[in-house]
Amino acid sequence: MKIAISSSGMTLESDVDPRFGRCPYYIIYETENDSFEPVENKSGQAAGGAGIQAAQMISSMKVESVISGNIGPNAFRVLSAASVKIYSGATGSIKNAVEKFKKGEYKQTGGPDVGSHFGMGRG
Amino acid sequence: MVISVASGKGGTGKTTVAVNLALSLDNVQLLDCDVEEPNSHIFIKPVFKSKSKVFIPIPVVDKTKCDGCGRCQEVCIYNAVAIAGKKVLIFPELCHGCGSCTYFCPHDAIKEENEEIGVVEAGEKSSIQFIHGKLNIGKMMAPPVIRAVKKHINKKKTVIIDAPPGTSCPVITAIKGTDFVILVTEPTPFGLNDLMLAVEVVRKLKIPFGVIVNRSDLGNKKTDDYCAREHISILMKIPFSKKIAGIYSRGDSIVEAMPEYREKFRELFEKIKQNKDESSAK
């Protein structure tokens, strides 16, 4: 199964980024053979609608599950419409998050857990 | 002549300048384009005579005609349309109402429904015609409301526009097409930083401009130095005065409470007329 994790960097040692729409990279991880590939989040700097763009890109990559620190309302709507499962609340390294995911330690998220513009770094 | 009053930083005195300039001149129109938080009316106290709603067209997708081709999503530069699987999702709060998705839909599957985003109110106070826009609470698209206010511009009058703070779309919409921009600043590091950003914007728009330094005896000399270096004229200085602060906080105007300022604002207007011709914008 292909999963996408919001990441602060390009390796398995990178930390899970708490922002889904505005993280710099996604680690696309294939649980079948433990291979991964980093993908740049080109919409991370969008003026508006970053989460929407990112969710579209992720869903077009045939990803089945998304792991992130938090998920906003717009990204949640797009991912849900594309039947992508969402697991939020992840912290620590990507490696650690993948392990936890495999053990079934994350609960599927039933709704957005932060408001719009959470990832924009403003008050 | 249309004069807009802008600033990079908020709270530097745009409304103070716009209101007092308007009260010092004859045959004036004052347009408050700070539609997210209009406050010029507090000082002018106009009697409003008309009110009109502002709408933007929001796309609505006919699911029976849509095949999920994604053309609407490709043409939307505001990320207000998403394709998930073969489903089209519309995000009205990001929509600018530009109509591109409707225009480019190859299956004629999008129609537009008007959504109210704000109101424009027009009124009068003695010789001033006063118009302002108010963006509805929870709406994010200020530019269409600002454009609706600016439709009232009467070039036979001296038009003064109180612009929103910052350097983004609402500011550009408010100052675009005006003949002169007054940039109000304060001599603090924050004020100077944001003034420099605002100068970049105004230069890009190629509009003649000048600076007013408010609370001018506060802070440091760096604003003066910057203006000298950049050949920007300082049109006026308003001191940091408890008396002026008191007048403002009561919702009164400086020129009515301190009539000597009426002359200063008239001189400002004369300087602007001269400056407009020998412009500092390149």
Side chains of residues 168-183 of chain B: which donor-acceptor partners sit under 3.5 Å, not counting sequence neighbours?
{"residue": "B:T173", "atom": "OG1", "partner": "B:C169", "partner atom": "O", "Å": "2.7"}
{"residue": "B:T178", "atom": "OG1", "partner": "B:S4", "partner atom": "OG", "Å": "2.9"}
{"residue": "B:T178", "atom": "OG1", "partner": "B:I175", "partner atom": "O", "Å": "2.6"}
{"residue": "B:D179", "atom": "OD2", "partner": "B:V2", "partner atom": "N", "Å": "2.8"}

Is the count of non-hydrogen atoms from other residues, nucleotides or ligands lying under 6.0 Å from A:E40 atom CD greater than 12?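 Yes, the 6.0 Å shell around CD holds more than 12 heavy atoms from other groups.
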Structural part of A:A81 lying under 4.5 Å from a heavy atom of chain B: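 Both backbone and side chain of A:A81 come within 4.5 Å of chain B.
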Heavy atoms from other residues, nucleotides or ligands near CD of A:E105 exceed 12 (cutoff 6.0 Å):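 Check passes, neighbour count above 12.
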Only heavy atoms, only distances under 4.5 angstrom. Which residues in residues 78-102 of chain B are near chain A? B:Y78, B:N79, B:V81, B:A82, B:I83, B:A84, B:G85, B:K87, B:L89, B:I90, B:F91, B:E93, B:L94
For B:K222, does the NZ atom have more than 12 heavy-atom neighbours from other residues, nucleotides or ligands under 6.0 Å away? no
